[in-house]
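Right, one structure below, let's go through it.
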Amino acid sequence: IQDSQKLENGWLTGLNCRMVTVDETGGKRHQFVYQLDDPKNVLNEILAVGMNEYLVIERDGESGAEARFKKIMRIYLDEATDVGGIEHLDAVRLDPAIQVVRKEVLIDLLDPAYGLAGDDFPEKVEGLTWGPAVNGHPTLIVVSDNDFEAEQPTWVYVFSL
């Protein structure tokens with residue numbers, strides 16, 4: 001909220017999202033900037049890979065054929081600037097001295113190679129967890145949220161990494 005712009009309809013928008021980490025031994029907190037690809041995108045779920053490496057879901061709010069951005073991003077905090085001492089960041093621009101978290105696309109759920117995109121693709125891909133290893137490779141389980149709408153299915157996707 002502190003780093004976004006409020007639109008006329010009351011919705012918040014911006015590119016810069018704070019990510020907070022807490023050291024489990026000493027409780028020391030750090031704040032880093034995850035920069036969205038589009039101000040209409042949102043972040044869902046963060047899953048730890050290692051000490052400074054995470055998977056996050058960045059997605060738009062569209063479903064079916066209207067969906068344009070549904071990606072599992074792999075992010076790295078090791079070079080990111082701790083912005084915990086900065087009270088307010090601009091919603092779009094950042095001081096060039098601030099290094100955002102480095103990110104790369106791990107899985108583009110709309111990539112035609114997966115055969116998932118289309119009229120039935122869900123709006124809210126919102127959950128990540130590790131599954132059992134298959135043939136020595138970890139699996140990633142990705143789920144959608146149907147908002148308790150009985151006629152809307154919950155989708156479960158499993159990827160072998």
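Computation of the quantities below employed the complete heavy-atom set of this structure, encompassing side-chain atoms and omitting hydrogens, waters and symmetry-equivalent molecules.
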| request: Share the residues that join V42 in a hydrophobic cluster, the rule being Ile, Leu, Val, Met, Phe, Trp or Tyr side chains under 4.5 Å apart at the heavy-atom level. | output: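 V42 clusters with nothing; isolated.
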| said: Please give the remaining members of the hydrophobic cluster of L94, linking ILVMFWY side chains under 4.5 Å, ordered by chain and number. | reply: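 Members alongside L94: V33, V83, I86, L89, I98, V100.
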| said: Taking CG in N135 as the centre, count heavy atoms belonging to other residues, nucleotides or ligands within less than 6.0 Å. Is the count above 12? | reply: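 No, because the 6.0 Å sphere around CG of N135 holds 12 heavy atoms or fewer from other groups.
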| query | Near Q2 CD, under 6.0 Å, is it more than 12 heavy atoms from other residues, nucleotides or ligands? | reply |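 Count over threshold, so yes.
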| query | For residues 126-148, which residue pairs qualify under ring-ring contact (aromatic ring centres under 6.0 Å, His included), counting only residues two or more places apart or in two chains? | reply |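 ring-ring contact (aromatic ring centres under 6.0 Å, His included) check on residues 126-148 returns no pairs.
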| Pairs touching residues 19-45 that satisfy ring-ring contact (aromatic ring centres under 6.0 Å, His included), sequence neighbours left out |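 Non-adjacent pairs meeting ring-ring contact (aromatic ring centres under 6.0 Å, His included): zero.
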Qualifying salt bridge (Lys or Arg N to Asp or Glu O under 4.0 Å) pairs with a residue from [range], counting only residues at least two apart or across chains:
{"range": "residues 120-143", "answer": "R59-E126, K124-D147"}
{"range": "residues 82-100", "answer": "D90-R93"}
{"range": "residues 6-18", "answer": "D3-R18"}
{"range": "residues 25-51", "answer": "D37-K103"}

Are [X] and [Y] in one and the same hydrophobic cluster, where Ile, Leu, Val, Met, Phe, Trp and Tyr link if side-chain heavy atoms are under 4.5 Å apart?
{"X": "Y114", "Y": "V134", "result": "no"}
{"X": "L77", "Y": "L36", "result": "yes"}
{"X": "I75", "Y": "L15", "result": "yes"}
{"X": "L43", "Y": "F69", "result": "no"}
{"X": "V101", "Y": "I72", "result": "no"}

| task | Using side-chain contact (heavy atoms from CB on, under 4.5 Å) as the criterion, list what pairs up with A117, not counting sequence neighbours. | result |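 With sequence neighbours excluded, A117 shows a side-chain contact (heavy atoms from CB on, under 4.5 Å) to L110, given in chain and number order.
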| field | Pairwise distance CG(D60) to CZ(R68) - rounded to 0.5 angstrom | value |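 Result: 8.5 Å between the selected atoms.
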| query | Can you tell me how far the CD atom of Q31 sits from the SG atom of C17, to the nearest 0.5 Å? | reply |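 Here the rounded value is 12.5 Å.
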| For E62 and F121, what are the C-alpha separation, side-chain angles and deciding distance, and is it a side chain to side chain contact (heavy atoms under 4.5 Å, CB included)? | CA-CA 9 Å; E62 303 300 328; F121 198 86; over 6 Å; no
| task | Tell me, please, which residues at least two apart from D23 pass salt bridge (Lys or Arg N to Asp or Glu O under 4.0 Å). | result |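 Salt bridge (Lys or Arg N to Asp or Glu O under 4.0 Å) list for D23, sorted by chain: empty.
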Which donor-acceptor pairs under 3.5 Å do side chains of residues 149-161 form with protein atoms, sequence neighbours excluded?
none

| query | Distance-only, no hydrogens or angles: does the T139 side chain make a donor-acceptor pair with backbone N or O of P132 under 3.5 Å? | reply |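 Here the side-chain-to-backbone pair exists.
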Quick one: side chains of residues 46-57, donor-acceptor pairs under 3.5 Å with protein atoms, not counting sequence neighbours, listed by atom name and distance.
unit_1, atom_1, unit_2, atom_2, d
E53, OE2, R74, NE, 2.5
E53, OE2, R74, NH2, 2.8

